[in-house]
There are 2 protein chains.
Amino acid sequence: MATIGDVARAAGVSLSTVSYVISGKRPISQPTRERVERAIRELAFHPHAGAQALASARSNVIALMVPFRPGINVAIIMEFVAGVVTAARTFDHDVLLLTEEDVQEIDRVAARSLADAVIVMDVESEDPRLPSLRALDRPAVLIGVPEDTSGLACVDLDFAAAGRLATRTLIDAGHTHIALIGASRERFARRANYAVRMRDGVVEQAARSGLEVHVLPCDPTYAGGSDVLARLLTDHPDVTGLVVHNEAALAGIVDALDRAGRPVPSGMSVVAINVANIAEGLRRPVDSITVPGHDIGRIAVQMAMARLEQDGPGETRLVAPTLTPHGSVAPPA
Amino acid sequence: MATIGDVARAAGVSLSTVSYVISGKRPISQPTRERVERAIRELAFHPHAGAQALASARSNVIALMVPFRPGINVAIIMEFVAGVVTAARTFDHDVLLLTEEDVQEIDRVAARSLADAVIVMDVESEDPRLPSLRALDRPAVLIGVPEDTSGLACVDLDFAAAGRLATRTLIDAGHTHIALIGASRERFARRANYAVRMRDGVVEQAARSGLEVHVLPCDPTYAGGSDVLARLLTDHPDVTGLVVHNEAALAGIVDALDRAGRPVPSGMSVVAINVANIAEGLRRPVDSITVPGHDIGRIAVQMAMARLEQDGPGETRLVAPTLTPHGSVAPPA
DNA sequence: GAGAGAATTCGAAGCGCTTCGATACCGTGC
DNA sequence: GCACGGTATCGAAGCGCTTCGAATTCTCTC
């Protein structure tokens, strides 16, 4: 492995000059710069990460804490992760993966100066990691919005706005009997701030038009969707507009509507919130508000980088939802 | 941040003594060790990762290259990743995430001494990364088995054995007309060594009993499963035993069998190969050979660590399949 | 009780890089 | 021709740790 000293010798300059060429922190004359760059190329020189970290007190690594507990929506997780890694690379940073959802892991990585910043995914309303994150001596960005955001940097989809948007879409099409098929009961109860925010957005928007919404929790499976839909058609046959916030159940719901003689969109209008590329794989495509996992990951990195430059106050960034129509909303029969 | 010097002062010993207490590379007397350990605890000392890496030429980091291209089975990917990270931590290593499936990324991470070893997932038969991996100056472990394994360390499920096991299970139950619903046509064609190995295992085992197998490629969707099954029942109504190697289509297949009046297992015996926790979520549970993602990830780490100790020759480790019965195989009607 | 040998601990060099102050060199203006 | 302000480059210190050889202390043995 070539060292910076080898480069300096090859280019006939001092060690520090090479360093300044690489970092750009001091002006270097055109000819010298070129000689150095040529030497770097010819020796295939890459600075030793550890040495850089030691001398500069910067590791150029972001730690990313990913949830691996069962029942999590892996597709969206992967999208976040991909977004974070891609964005990190554009800032010349790498990503270190943490999985144990253990406060100590965060502290360890910080104390060892393994990472300059931390991004934590899937933050719950009352997340046990919050105190540590607040006390951390380096930037932390949360994906998800806890109950108390003071002193924290958070980013997420604006689920309330998504709920309002989905509902408004149905109401604008003329629907007056609307239901929300949401997350599982257990998710509503335990954590899942986003499920609650989403529901509140739906309910609020409906209330503005003087409407009530039937809210049905739903198991995150194909069968769960079919079952809940069957129940809905029995209990509330007058419902003509459906907001679905349950990815895994969506196919089951759509297929069950077909079988029940209430096909989308003539028999039932449907708007879904889901990750990208799900809506298109269905028998009948569905108007979708996609969770922009890639964008959220990127924004999280940007926030972390900004805070690395200059520490800022707490801040919550909610990404506005976008609805992609697929012809699944029609006026009620 | 406390340094090793602070610890030394607090414990009244020299710097190197502290280092030896931590690494255990030289004997330290009981009393001194205790004083040092106490100081470490009280100062909450964690060694600076960069300094350690610089001085010891070991970063204690494993680079993990994860595929993020669309159409990949995210569930199994996540299981691998979780297995790798968990195992790495037991070896006191962290995991650095690489996503760009770019040979240069591997070289960069190696040249910068960011990682001691590399684990590459989802290796194709003729993977473009193979030359670089062979030439790498540090251990590389592949998850997946390429065409030419010379000089490489590989680990994967023994898909051929899985195919044989699934088929034998059906044959032992008395089935003589067997079909394999496999990966998508595109997967068979392009990469996906595992799909081919699996198919060959099925065909070989059937041939031993003088049977032929109908092989049907299948889109990895619920609808894809339903559609292929419908076609199967039309073209080959005599088939009574099914091997399914297509996770996403499995639910569609099982449900379609139900609707066609050929419920599992009385109307059709089914054995599936899939990730854990899929088989149980079905309307009718299905005998499953689960891909032990967690184990494979762990083995990959173990192989990398072993090669870090002492470089060895190329080696391919195939994990034996296990079948978990769920009552989906019965004698033919 | 002295010397040999083993058991511990210490000191210093060095890993490869960044960064600060200092030096060398340039053209200007008077 | 000389002091001056810039600009481009150099040198050396230091980041926090590991590791090797040397020094010290302890334990026996005769």
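Within the 3.5 Å criterion, the main-chain N or O of A/Ala53 finds no donor-acceptor partner in the side chain of A/Arg58. Side-chain atoms of B/Asn60 come within 3.5 Å of backbone atoms of B/Asp92 as a donor-acceptor pair (strictly under, hydrogens ignored). Looking at B/Arg112, its side chain does come within 3.5 Å of a backbone N or O of A/Pro47 through a donor-acceptor pair. Without hydrogens or angle criteria, A/Asp122 side chain to A/Pro67 main chain gives no donor-acceptor distance under 3.5 Å.
Salt bridge A/Arg317/A/Asp158: absent, no basic N to carboxylate O contact under 4.0 Å.
No side-chain heavy atom of B/Met1 sits less than 4.5 Å from a side-chain heavy atom of B/His46. Looking only at side-chain heavy atoms (C-beta outward), A/Glu79 and B/Val74 stay at 4.5 Å or farther from each other. No side-chain heavy atom of A/Val118 sits less than 4.5 Å from a side-chain heavy atom of A/Ile62.
An end-to-end axis angle of 60° holds for the helix from C/dG1-D/dC30 to C/dC30-D/dG1, taken from five base pairs per end and rounded to 10°.
A side-chain N or O of A/Thr17 and one of A/Ser14 form a donor-acceptor pair less than 3.5 Å apart. For the residue pair A/Thr32 and A/Ser29, a side-chain donor N or O sits within less than 3.5 Å of a side-chain acceptor on the partner.
Across all strands shown, A/Ile28 has heavy atoms under 4.0 Å from sugar-phosphate atoms exclusively, and none from any base.
The separation between B/Leu54 atom CG and C/dA13 atom C1' is 13 Å, rounded to whole Å.
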Annotated protein contacts, base or backbone, on nucleotides 17-23 of chain D with a non-hydrogen cut-off under 4.0 Å, one of B, S, - each: BBBBBB-

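For residues 29-38 of chain A, proximity to DNA chain C is found at no residue, defined as any non-hydrogen atom under 4.0 angstrom from a strand atom.
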